[in-house]
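Data first, discussion second: the structure below is written as structure tokens.
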Number of protein chains: 2
Amino acid sequence: MTSEISPEASDLRAATLRLARRIRQNRSIASMTDAQFAVLVNVHLHGPHTLTALAERDGVTAPSMNRTVNSLEEAGYVTRVADETDRRKVIIAIAPEGSEVVLETLRRRDGWLQGLLDALDDDDRATLGAAARIILREVHR
Amino acid sequence: MTSEISPEASDLRAATLRLARRIRQNRSIASMTDAQFAVLVNVHLHGPHTLTALAERDGVTAPSMNRTVNSLEEAGYVTRVADETDRRKVIIAIAPEGSEVVLETLRRRDGWLQGLLDALDDDDRATLGAAARIILREVHR
DNA sequence: TATTGTTATACTCTATAACTATA
DNA sequence: TATAGTTATAGAGTATAACAATA
């Protein structure tokens, strides 16, 4: 039993994709790709991971994640260290330079969004804040 | 004069990127990429375009757009026709098969979102609807 | 045998540079 | 000359298949 599609669903789809695109345009390093930045955020926020764990987190294959990690390691943003207890595993961790890229990008993105929020009246600002909390509560990655 | 970054801005950033990712996972054709679908939506909604116009719309170079249009043309989703008045130009238009892909993908995405909305109480559903309208009003592409 | 990571190969999207055809 | 489109080439992300090292 499927319900009808409401205008709210179409509006929410269009609004979300448009805003997401604008948010992603705010980066501290223009040459950094979405795939690279996603890995950097994962290891910055959630600590060191194995290659397989990173691949599963982003829903890509291990060879694909391997290439992305290679580029981040070459740039000095992450480090690879062999796991002591299980020597098949490699632990990928954030480097200080990587953390700086993450923090600066988040500052830019949130700063841009803050400018958007500051231009709204109190009711609209409260509505967007409430909507964000509902989405974070209901939608899981 | 820059204001402080509020938790609302960070929440809105995280919620928007997470929801956008989930929306994009809903496609009628799994092999269709974001770049291809974006072009298809443009010509479906806004009519025929020249190659340069399509490239500018999506913020990519002409050679890059040319490759994407090539793949869509090979798949039978768009058509290329020489402009009669200025024969340097090529008009790219949606084909019926392309429109069907667009419509089916939008149906899937909106249907998935509708399921999300249906699971909420009236207040939360109204909040998301209001938030979408605020974003569509304030954020332009 | 199973798991972890890597390499080999191939396809798409991205770019810049250079070229063709037309205005 | 300038513009519109295309081709050539290269770098990065994606995948599957096959491999080495380790458990």
Side-chain angles (χ1 to χ4, degrees), chain A residues 17 20-21 24-25 27 29-43 48-93 98 101 105, chain B residues 17 20-21 24-25 27 29-43 48-93 98 101 105:
Chain A
L17 294 179
R21 183 188 164 107
R24 278 195 300 267
Q25 289 173 346
R27 320 187 160 170
I29 296 187
S31 63
M32 171 142 302
T33 66
D34 284 343
Q36 292 171 333
F37 187 68
V39 173
L40 226 45
V41 168
N42 279 340
V43 292
H49 288 69
T50 63
L51 184 75
T52 301
L54 284 179
E56 283 174 355
R57 241 186 195 285
D58 286 351
V60 299
T61 59
S64 177
M65 180 56 70
N66 194 51
R67 293 192 66 149
T68 300
V69 170
N70 284 346
S71 66
L72 290 171
E73 188 185 23
E74 279 175 31
Y77 294 145
V78 302
T79 59
R80 266 195 179 97
V81 179
D83 185 309
E84 288 301 321
T85 61
D86 183 343
R87 285 164 56 203
R88 292 173 305 182
K89 295 184 180 175
V90 173
I91 306 302
I92 295 128
V101 171
T105 298
Chain B
L17 294 179
R21 183 189 164 105
R24 278 195 301 266
Q25 288 173 348
R27 318 185 163 169
I29 296 188
S31 62
M32 172 142 301
T33 66
D34 284 342
Q36 292 171 333
F37 187 68
V39 173
L40 226 46
V41 168
N42 279 340
V43 290
H49 286 69
T50 63
L51 184 74
T52 301
L54 285 179
E56 283 174 356
R57 239 183 198 285
D58 285 351
V60 300
T61 60
S64 179
M65 180 56 71
N66 193 50
R67 294 196 63 152
T68 300
V69 170
N70 284 346
S71 66
L72 290 171
E73 189 185 23
E74 279 174 32
Y77 295 146
V78 302
T79 59
R80 264 193 180 99
V81 178
D83 186 309
E84 288 301 320
T85 62
D86 183 343
R87 284 165 56 205
R88 293 173 305 182
K89 294 185 179 175
V90 174
I91 306 300
I92 294 129
V101 170
T105 298

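Residue numbers begin at 1 in each chain, while the letters A, B, ... track the order of the sequences.
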>> Applying a 4.0 Å non-hydrogen cut-off, can you work out what Asp86(A) is touching in the nucleic acid: base, sugar-phosphate, or nothing?
In response: sugar-phosphate

> If only side-chain N and O atoms of Gln36(A) are considered, is one of them under 4.0 Å from the OP1 or OP2 phosphate oxygen of dA12(D)?
Replying inline: no

> At under 4.0 Å between heavy atoms, what does Thr52(B) touch on the DNA or RNA strands: base, sugar-phosphate, or nothing?
Replying inline: sugar-phosphate

> Which of the following nucleotides, dA15(D), dA17(C), dT6(C), is nearest to the side chain of Val90(A)?
Replying inline: dT6(C)

> Taking only N and O in the side chain of Thr68(B), is any of them less than 4.0 Å away from OP1 or OP2 of dT14(C)?
Replying inline: yes

> Should Asp34(A) and Arg21(B) count as an ion pair when the cut-off is N to O under 4.0 Å?
Replying inline: no

> What is the distance from CZ of Arg67(B) to C1' of dG13(D), rounded to the nearest Å?
Replying inline: 14 Å

> Quick one: Asp58(A) CG to dA15(D) C1', roughly how many Å, whole number?
Replying inline: 16 Å

> To the nearest Å, how far apart are Arg87(A) CZ and dG5(C) P?
Replying inline: 14 Å

>> Below the 4.0 Å mark, does dA12(D) have OP1 or OP2 next to a side-chain nitrogen or oxygen of Ser71(A)?
In response: no

> Do you know the tightest heavy-atom contact between Leu54(A) and Met65(A)?
Replying inline: O-CE, 3.4 Å

> When rounded to the nearest 0.5 angstrom, what is the spacing between CD in Gln36(B) and CZ in Arg27(B)?
Replying inline: 9.5 Å

>> Rounded to whole Å, please give me the gap between NZ in Lys89(A) and C1' in dA20(D).
In response: 18 Å

> Given side chains that start at C-beta, do those of Asn66(B) and Leu51(B) come closer than 4.5 Å, heavy atoms only?
Replying inline: yes

> Nearest-Å distance, CE (Met65(B)) to C1' (dT7(D))?
Replying inline: 17 Å

> What does Thr33(A) touch in the nucleic acid at a heavy-atom separation under 4.0 angstrom: a base, only the sugar-phosphate, or nothing?
Replying inline: sugar-phosphate

> Does a nitrogen or oxygen in the side chain of Asn66(A) sit under 4.0 Å from OP1 or OP2 of dT6(C)?
Replying inline: yes

>> Whole angstroms only, please: what is the CG-C1' distance between Leu51(B) and dT22(C)?
In response: 16 Å

>> Please compare Thr85(A) and Gly59(A) by the position of their nearest nucleotide in DNA chain D and report the one closer to 5'.
In response: Gly59(A)

> Nearest-Å distance, CG (Asp34(A)) to C1' (dC13(C))?
Replying inline: 12 Å

>> What contact category does Ser64(B) fall into here, base, sugar-phosphate, or nothing, at under 4.0 angstrom with non-hydrogen atoms?
In response: base

>> In this structure, how many angstroms lie between the C1' atom of dT12(C) and the CZ atom of Arg27(B), rounded?
In response: 13 Å

> Is any side-chain N or O of Arg88(A) under 3.5 Å from a base N or O of dT3(C), one able to act as donor and the other as acceptor?
Replying inline: yes

>> Need one value for Ala35(A): base, sugar-phosphate or nothing, where a base atom within 4.0 Å counts as base even if backbone is also close, heavy atoms only.
In response: sugar-phosphate

>> Which residue in the set Thr52(A), Val43(A), Asn42(A) passes side-chain contact (heavy atoms from CB on, under 4.5 Å) when paired with Arg57(A)?
In response: Asn42(A)

